[in-house]
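Just below is one structure, and these are the notes that go with it.
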Amino acid sequence: MKKIQAIRGMNDLLPAQSGLWQYLENTVSDVLRRYAYQEIRFPVLEQTELFKRSIGEVTDIVEKEMYTFLDRNEESVTLRPEGTACCVRACEEHGLLYNQVQKLWYMGPMFRYEKPQKGRLRQFHQIGIEAFGMQGPDIDAEVIILTHRLWKELGVADAVTLQLNSLGTPEARATYREALVQFLSARKEQLDEDSQRRLGSNPLRILDSKNAATQALLAEAPRLSDYLDDESRAHFESLCLLLDAAGVTYEINTRLVRGLDYYSKTVFEWVTDKLGAQGTVCAGGRYDGLVEQLGGRPTPAVGCAMGVERLVLLLEALNVVPDAASQTPDVYIVAVGEVGAAALALAETLRDELPFMAVQLNCGGGSFKSQFKKADKSGASVALILGEDEVAARTVAVKYLRDGREQETIAWAALSDLLKAL
Ligand code: ATP
Ligand code: MG
């Protein structure tokens, strides 16, 4: 019979990699805890309208990337392509934004129907951060400083650079949009096909076209930075000063626009050149209009999302994966003969006394030789050998698997101290 396979672009996370994911997730959640951000969880499925209204009808995501279907009740539902809209929906639904600020984070799978390739999947994972109710720019700076700290803790800070821009208010952007359309319309035949199409629908997205001819043309085009309103300009300058003071370096990239409609003022991306074309590991910005757009009271907000798969690839590319992420047991107990109860008890005692160690007990029997082979293969540094003689004497043989240290026999009572000292 033909075996059923996973859906293209949706990966399994196998044990060989899950330790690295846990390390990454734990490091991120610990940094977030230290900045007093709180976790929020929301469903993977939402009403389609939520994403149409927030991300924008003429964005890549809504036009061609969403997993949308009718449920059994004929309602249109969508697997979440990102978390910000869901987060706002949940906050509004539960009154979390009423007269208070919120600093929140979430992590989990997102779904986009894209062409699967390195760093680009159909089910991928994001860790998102959202701060509501603060005008900034101090909170914009905090979000960026937080991510910067995270890169340092993960050992990737030297491999990522921060790109920063301001999109201004929606009004400033509309004026700029007109100027850009006017400029590009007069040169339409020089634009790539995608950009020609976007000229009518979402002209700002042309700014981040990857096409060389289009990029060359854009060098002459009006610049968004010349169209910023005074308030956005002041906001951006203050943010830059705060980042300078915090020692976070950045490049101002006036063509950074981001693919979702809801951004205003600050936008940023952390980019690496170590992963090829999919080099953005974290992206975000300010979205002061979104809460109101979704039916809430006007609420300033800023946030960002990092791509977990890309961060994992970066950790591997830089070879900064700590040993602790390997999930190999520290101790392997070889249990030979009728020693089942004593072996389980010994393993439990070690787990009580050495909670930081992983203790693998050989279950399922087997000869001394075959168990010993498994102990070696497990990667454990120590094998404890327990046979009927040892149980009678309340001892265990300690065999060191990774160095030439001599085997020794030791009383159960002294075992924890010995292992602790390794
Ligand atoms: P890209 O330009 O790479 O398509 P995007 O602007 O669509 O990214 P965002 O919506 O800003 O991405 O999502 C934030 C982050 O989530 C990205 O910077 C990236 O790290 C990650 N990400 C986005 N789409 C995917 C995907 N299909 N597969 C893996 N990671 C992704
Ligand atoms: Mg995309």
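Note: hydrogens, waters and symmetry copies are ignored here, and every other heavy atom, side chains too, is used. Every number for a ligand or one of its atoms is a count from 1 in the order of the listing. Computed from a predicted structure; not experimentally measured.
- Neither the backbone nor the side chain of D60 has a heavy atom within less than 4.0 Å of ligand 1.
- A 6.0 Å sphere centred on NZ of K52 holds no more than 12 heavy atoms belonging to other residues, nucleotides or ligands.
- Between the side chains of Y37 and E130, no donor N or O sits under 3.5 Å from an acceptor N or O.
- Taking the six-membered ring for Trp and thresholds of 30 and 60 degrees, W270 and H148 have nearly parallel ring planes, at less than 30 degrees apart.
- Short contacts between ligand 1 and V281, defined as distances under 4.0 Å to a heavy atom of the residue, involve ligand atoms 20 (O).
- When heavy-atom distances to ligand 1 are checked against a 4.0 Å cut-off, Q278 has no atom that comes that close, whether in backbone or side chain.
- Distances from atom 5 (P) of ligand 1 to the heavy atoms of Q123, R112, E65 show the closest one on R112.
- Between L121 and ligand 1, at least one pair of N/O atoms sits closer than 3.5 Å.
- Ligand-side atoms of ligand 1 in range of A305: 14 (C), 15 (C), range being under 4.0 angstrom from any heavy atom.
- Looking at ligand 1, you won't find any N or O of E269 less than 3.5 Å from one of its N or O atoms.
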Start with the C-alpha gap between T254 and R223, add the side-chain angles, then the distance that decides, and say whether side chain to side chain donor-acceptor pair (under 3.5 Å) holds. CA-CA 7 Å; T254 55; R223 282 163 177 270; 3.2 Å; yes
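- Those atoms of ligand 1 that come under 4.0 Å of a heavy atom in Q126, given as number and element, are 13 (O), 14 (C), 15 (C), 16 (O).
- Judged by the shortest distance from any of its heavy atoms, E82 lies outside the 4.0 Å radius around the atoms of ligand 1.
- Side-chain contact check for R177 and Y227: no donor-acceptor pair (N or O, by modelled atom type) lies under 3.5 Å.
- Cation-pi contact between R122 and Y113: present, with separation from the ring centre below 6.0 Å and deviation from the ring axis of at most 45°.
- Between E309 and ligand 1 there is no heavy-atom distance shorter than 4.0 Å.
- Of the heavy atoms in R120, both backbone and side-chain atoms come closer than 4.0 Å to ligand 1.
- Across D244, T161, N165, a single residue satisfies side-chain hydrogen bond (donor to acceptor under 3.5 Å, both in side chains) together with Y250, and that is D244.
- Under 3.5 Å, the side chains of E316 and Q17 contain a donor-acceptor pair of N or O atoms.
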